[in-house]
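First up is the structure itself, then whatever we jot down about it.
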2 protein chains.
Amino acid sequence: MQFSVRLPVATHILLCIEKFHGECKTTSTFLAGSVNVHPVIIRKTLGQLRAAGLVEVAAGVGGAKLTKSPNDITLLDVFRAVEEDEDLFHFQENPNPKCPVGRNIHQVLGTRLEKIKQHMEDELARITLEELLNAVNENEGG
Amino acid sequence: MQFSVRLPVATHILLCIEKFHGECKTTSTFLAGSVNVHPVIIRKTLGQLRAAGLVEVAAGVGGAKLTKSPNDITLLDVFRAVEEDEDLFHFQENPNPKCPVGRNIHQVLGTRLEKIKQHMEDELARITLEELLNAVNENEGG
DNA sequence: AATAGATGTAATAACATATATTACAATCGA
DNA sequence: TCGATTGTAATATATGTTATTACATCTATT
């Protein structure tokens with residue numbers, strides 16, 4: 001089990017939008033060429049990022065740009081833009097209420113797993129787009 | 001996206017095995033009645049827990065028991081028993097190597113996400129079966 | 001040794017989710 | 001108006017999860 005490709009793809013998109021800002025128009029086809037997915041996937045993802053207030057997309061003429069500084073966009077913003085807000089683990093729906101374990105498992109295990117998800121989100125919140133962009137630029141010898 | 005029901009189900013199974021130890025034989029049918037899944041799911045999960053060295057299952061006569069103290073079994077043990085060891089997030093296979101973002105995204109984002117998974121596992125490792133069993137017993141007024 | 005109750009495992013079905021792709025109406029600058 | 005683009009629906013394909021049936025195998029007990 002692993003999370004879908006959506007967070008990495010959305011992050012890739014945002015990094016490209018910023019990296020190529022001013023240089024070329026970041027259309028869905030252009031972005032699809034870098035990420036290597038179908039342009040429609042890019043457009044859907046851009047739609048989610050737009051709904052989350054992270055980007056503006058120019059209808060008709062095309063191209064996208066960030067609505068905030070890369071320093072103000074975190075991986076948690078991206079995560080929430082493209083993933084449902086749900087428990088980290090799926091729980092069995094109807095454990096037996098006549099069993100002492102069955103009637104307590106969800107509360108006992110669930111609260112602990114919720115904390116772990118919370119911590120995961122805290123860590124995502126500490127990684128900014130700017131940090132990632134700097135890391136890319138450093139790898140490029142910049 | 002969320003992890004499958006397997007960790008919660010496997011944990012439920014282990015808790016029942018320990019809770020009912022000495023009281024009754026914890027067969028796949030008995031456990032299925034508490035968890036509320038098909039007995040074959042229980043047998044498959046017990047097979048994974050057995051392969052991980054966490055339980056012994058009596059062939060023929062039936063019933064399962066823990067091979068270690070509940071204090072020595074952590075949620076990380078259970079997690080590893082029932083989930084593949086893979087990245088937390090799925091990465092797009094072939095980003096464009098001609099793009100500065102495409103040729104660096106996996107390394108830059110991947111290393112950071114790996115750390116997050118590592119921390120998640122560290123937290124799972126801190127939760128023991130004993131802690132969960134105590135919490136269940138406390139909820140029962142015990 | 002025969003039996004009854006269990007396990008281990010394969011095969012299949014039903015369902016959900018993810019990704020790719022086609023199609024096309026709507027949008028907007030030139 | 002034209003051409004490039006977006007937004008979105010519809011569909012297809014693949015994969016993963018859970019439920020279920022079936023059955024060979026195992027073992028304590030009679």
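Here is how names work: the chains are called A, B, and so on, in the same order as the sequence lines, proteins then strands, and each is numbered from 1. As the structure is a prediction and not an experimental result, all values here were calculated from the model.
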Interatomic distance where CD belongs to A:Q92 and P belongs to D:dT17 [whole Å]: 15 Å

Protein-nucleotide distance (B:K44, atom NZ; C:dA11, atom C1'), rounded to Å: 9 Å

Whole-Å gap separating P (C:dA6) and NZ (B:K25): 5 Å

Interatomic distance, B:I42 CD1 vs C:dT7 P [rounded to whole Å]: 10 Å

Distance, rounded to the nearest Å, where A:L46 contributes CG and D:dT8 contributes P: 12 Å

N/O (side chain, B:T27) to phosphate O (OP1/OP2, C:dA6) under 4.0 Å: no

CD/B:E86: more than 12 non-hydrogen atoms of other groups inside 6.0 Å: yes

Which nucleotide in C:dA20, D:dT5, C:dT7 has an atom nearest any side-chain atom of A:V37: C:dA20

Interatomic distance, B:Q48 CD vs D:dT17 P [rounded to whole Å]: 10 Å

Per A:R50 side chain, nearest of listed nucleotides D:dT20, C:dA18, D:dT8: D:dT8

Sugar-phosphate or base contact per nucleotide [nucleotides 22-30 of chain C; S, B, -; heavy atom under 4.0 Å]: BB---BS--

Aromatic ring pairing B:F89/A:F3, orientation class (parallel under 30°, perpendicular over 60°, tilted between): parallel

Under 4.0 angstrom between A:S28 side-chain N/O and D:dT6 OP1 or OP2: yes

Atom NZ of A:K65 with >12 non-hydrogen neighbours under 6.0 angstrom: no

Nucleotide C:dA6, atom C1' - distance to NZ of B:K65 in whole Å: 17 Å

Exam field: side chain A:T67 to backbone A:L54, donor-acceptor pair closer than 3.5 Å: yes

B:N96 side-chain N/O to A:G33 backbone N/O, donor-acceptor pair under 3.5 Å: yes

Nearest-neighbour nucleotide for the B:V57 side chain, D:dT20, D:dT5, C:dG8 considered: C:dG8

Exam field: side chain A:S34 to backbone A:L31, donor-acceptor pair closer than 3.5 Å: no

